[in-house]
Amino acid sequence: MFLWFLLRFCLILVQIMEIKDLIAIGTLIVVGIITFFSIREYIKRGKKERADFFLNLRDRFKDNTKFMAIIKLIQDDNDSELINVPMQDMNDLLGFFEEIYLFAQSGFISQDTCLIFLANMHLNARKIKL
């Protein structure tokens, strides 16, 4: 039924329009299809880049044992040992949190993702034995 309607529509178009008009319409249809698939691919690539960034961020955090040790000291309110932590390590941890904040505020990663990341960090820091 649909093919019959489409064929009938095309025949009417051929009778009404000239070849150059049909070529222009065909070109617009092809451009529309290409634009649609390009936008879809762009969106997919953006999602993949955000996922790769977040996995890289998580790996950076897991590889740095100093961060987890500092967080454990903060959670335990162990001020006497926290004073002995080098200031550079504290600045690195603060810079890491600032980086997460900036990416969340810019919309590069969602705030829900940041909250899940910070909750997992909190739970993992509780498991560490100093």
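All heavy atoms count here, side chains included; hydrogens, waters and symmetry mates do not.
Residues that satisfy the salt bridge (Lys or Arg N to Asp or Glu O under 4.0 Å) test with Arg60, not counting sequence neighbours, are Glu99.
Here the NZ-CD distance, from Lys48 to Glu41, works out to 11.0 Å after rounding to the nearest 0.5 Å. Here OG of Ser110 is found 14.0 Å from CZ of Phe103. Values are rounded to the nearest 0.5 Å. Between the NZ atom of Lys72 and the OG1 atom of Thr65 there is a distance of 15.0 Å, given to the nearest 0.5 Å. Going from atom CE of Met87 over to atom CG of Leu94 covers 9.5 Å, rounded to the nearest 0.5 Å. Rounding to the nearest 0.5 Å gives a distance of 12.5 Å between CD of Gln111 and CD1 of Ile116. Rounding to the nearest 0.5 Å places CG of Leu73 at 11.0 Å from CD1 of Ile83.
Under the 4.5 Å side-chain criterion, counting only non-hydrogen atoms from C-beta, Ile71 is in contact with Phe61. Considering only heavy atoms from C-beta on, Asp92 comes within 4.5 Å of Gln88 through its side chain. Contact of the Phe97 side chain with the Leu93 side chain is registered, since non-hydrogen atoms from C-beta on lie closer than 4.5 Å. With a 4.5 Å cut-off on side-chain heavy atoms, Leu57 and Phe96 count as touching.
Ile33 and Ile43 fall into different hydrophobic clusters, where Ile, Leu, Val, Met, Phe, Trp and Tyr are joined by side-chain heavy atoms under 4.5 Å apart, directly or via other members. Under the 4.5 Å side-chain heavy-atom criterion for Ile, Leu, Val, Met, Phe, Trp and Tyr, Ile25 and Val30 are members of distinct hydrophobic clusters. By the rule that hydrophobic residues join a cluster once side-chain heavy atoms approach within less than 4.5 Å of another member, Phe37 and Ile29 end up as members of one cluster. Side-chain heavy atoms closer than 4.5 Å link hydrophobic residues (I, L, V, M, F, W, Y) into clusters, and following such links, possibly through other members, connects Met90 to Ile100.
Residue Phe53 qualifies as enclosed at atom CZ: its count of foreign heavy atoms under 6.0 Å is above 12.
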